[in-house]
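Single-structure report; data block below.
No experiment lies behind these values; they were computed from the predicted model shown.
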Amino acid sequence: LGARAAGTSGAKEVIENRRARLVAKLRRTVDRTFEYLRMQALLSPATAEFGAAASPTVIAVQTDGTKLRQEIFNKLILPINAALDGVTYSSIHVLCGDEYWGDLIEAKSLRETYLATARAAELAGAVPMRMSFGGVTWEWYRGDSEIKIPTAEARAFPVGGVDLAYVGYAPNDTVESVGSGAMGEPYYMGSAPIVDQTGQGTKGWAVSVQTHPKFVWARPGAILPITKA
């Protein structure tokens, strides 16, 4: 009542807009599910089809005497190169848990490197979210209570390569989806009217968004778990 858009005389537009907002909210929920599944694939990349995961390595960022760039090259870059066995990639990315990131940004060799450059303000100001060091991009992965990296750990992985990871979507489990093609879609959105028990009219709309994904790493040995001690 009184909720119609300016310049209109009916409620149809109001109902359609409300339905669109609900679909958008449900889609955001699905997107969060995608992020959860991607993180699970990163934390447990081993599969029967593509092989075992790499063993954890220690890069002790909290120790002042650590030659951090040498540690990164020997314990991170070289093992990932060996696991890829000639597969090209553009860069290496590391997602860090809270505690690991806190020690990394205070690492002596990293701070000395940054303080000698125009980017020194990144360390002097607010806590940075991402930085490049040792030929690797490091990022603090904030996540939430369910989507996170163990606090004292990090995960390194190559990006920009061919066939390093896959995502597949199964077709939807509705009559409308039968015969629409073998490949699935990321989102299946549907709505159906809720009919009055007397059959006299529509009481509302039941709105749904479904998805049926599978995320998998084709090179699980190139996903490197990192600890700081």
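- Taking CG of Leu78 as the reference point, atom OG1 of Thr57 lies at 11.0 Å (rounded to 0.5 Å).
- The two residues Ala41 and Trp217 have their closest heavy-atom pair at O-CD1, 3.2 Å.
- A continuous path of Ile, Leu, Val, Met, Phe, Trp and Tyr side chains, each step under 4.5 Å between heavy atoms, connects Tyr100 with Met129, placing both in one hydrophobic cluster.
- Residues Asn74 and Pro79 come closest through the heavy atom pair O-CD, 3.3 Å.
- Residue Arg142 qualifies as open at atom CZ: its count of foreign heavy atoms under 6.0 Å is 12 or below.
- Contact check for Leu43 versus Pro150: side-chain heavy atoms found under the 4.5 Å cut-off.
- With rounding to the nearest 0.5 angstrom, the NZ atom of Lys148 is 11.5 Å from the CD atom of Glu153.
- Contact check for Ile59 versus Leu68: side-chain heavy atoms found under the 4.5 Å cut-off.
- Residues Leu26 and Met189 have side chains not in contact (no heavy-atom distance under 4.5 Å, counting atoms from C-beta outward).
- Atom CD1 in Ile194 sits 10.0 Å away from atom NZ in Lys203 (nearest 0.5 Å).
- Within the 4.5 Å cutoff, no side-chain heavy atoms of Tyr141 are placed close to those of Arg155.
- When all heavy atoms are compared, the tightest approach of Ala53 to Ala46 is N-CB, 3.6 Å.
- For Glu185, there are no side chain to side chain donor-acceptor pair (under 3.5 Å) partners at least two apart in sequence or on another chain.
- Listed here is the closest heavy atom pair of Ile72 and Gly134: CG2-O, 3.7 Å.
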Take Asp31 and Tyr187 through the side chain to side chain contact (heavy atoms under 4.5 Å, CB included) test and state the conclusion after the steps. CA-CA 10 Å; Asp31 289 340; Tyr187 307 94; 2.3 Å; yes
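- By the 6.0 Å contact criterion, NZ on Lys75 is enclosed, its count of non-hydrogen atoms from other residues, nucleotides or ligands being greater than 12.
- Across all their heavy atoms, Leu76 and Leu224 have their closest contact at CA-CD2, 3.6 Å.
- Val216 and Leu37 sit in two unconnected hydrophobic clusters of ILVMFWY residues. Membership requires side-chain heavy atoms under 4.5 Å apart, directly or through other members.
- A heavy-atom distance below 4.5 Å is not found between the side chains of Val87 and Val162.
- In this structure a side-chain-to-backbone donor-acceptor pair under 3.5 Å is present from Thr211 to Pro186.
- Between Ala156 and Ile80, the closest heavy-atom pair is CB-CD1, 4.1 Å.
- For the residue pair Asp144/Tyr36, the side-chain donor-acceptor check at 3.5 Å is not satisfied.
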Take Phe73 and Lys67, measure what side chain to side chain contact (heavy atoms under 4.5 Å, CB included) needs, and give me the verdict at the end. CA-CA 10 Å; Phe73 181 73; Lys67 297 179 179 179; over 6 Å; no
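- You'll find the ring centres of Phe157 and Tyr89 outside the 6.0 Å limit.
- Taken together through direct or relayed side-chain contacts under 4.5 Å among Ile, Leu, Val, Met, Phe, Trp and Tyr, Val207 and Val195 form parts of separate hydrophobic clusters.
- The pair Glu35-Arg38 meets the salt-bridge criterion, since a charged nitrogen lies less than 4.0 angstrom from a carboxylate oxygen.
- Between Tyr166 and Phe50, the two ring planes are parallel [angle under 30°; tilted spans 30° to 60°].
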Please report the C-alpha distance between Arg130 and His93 in whole Å, then the side-chain angles of each, then the deciding distance to 0.1 Å, and finally whether the side chain to side chain contact (heavy atoms under 4.5 Å, CB included) criterion is met. CA-CA 10 Å; Arg130 178 184 296 190; His93 205 99; 4.1 Å; yes
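- Within the 4.5 Å cutoff, side-chain heavy atoms of Trp101 are placed close to those of Met131.
- A single hydrophobic cluster is not seen to contain both Val58 and Trp138; linkage of ILVMFWY side chains at heavy-atom distances under 4.5 Å, directly or through other members, places them apart.
- Summarising the geometry, atom OG1 belonging to Thr29 is positioned 12.0 Å from atom CZ belonging to Arg27; distances are rounded to the nearest 0.5 Å.
- The line from CG of Leu22 to OG of Ser208 is 9.5 Å long, rounded to the nearest 0.5 Å.
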Between Ile147 and Arg32, is the side chain to side chain contact (heavy atoms under 4.5 Å, CB included) condition met? List the steps. CA-CA 9 Å; Ile147 309 173; Arg32 184 180 182 278; 3.9 Å; yes
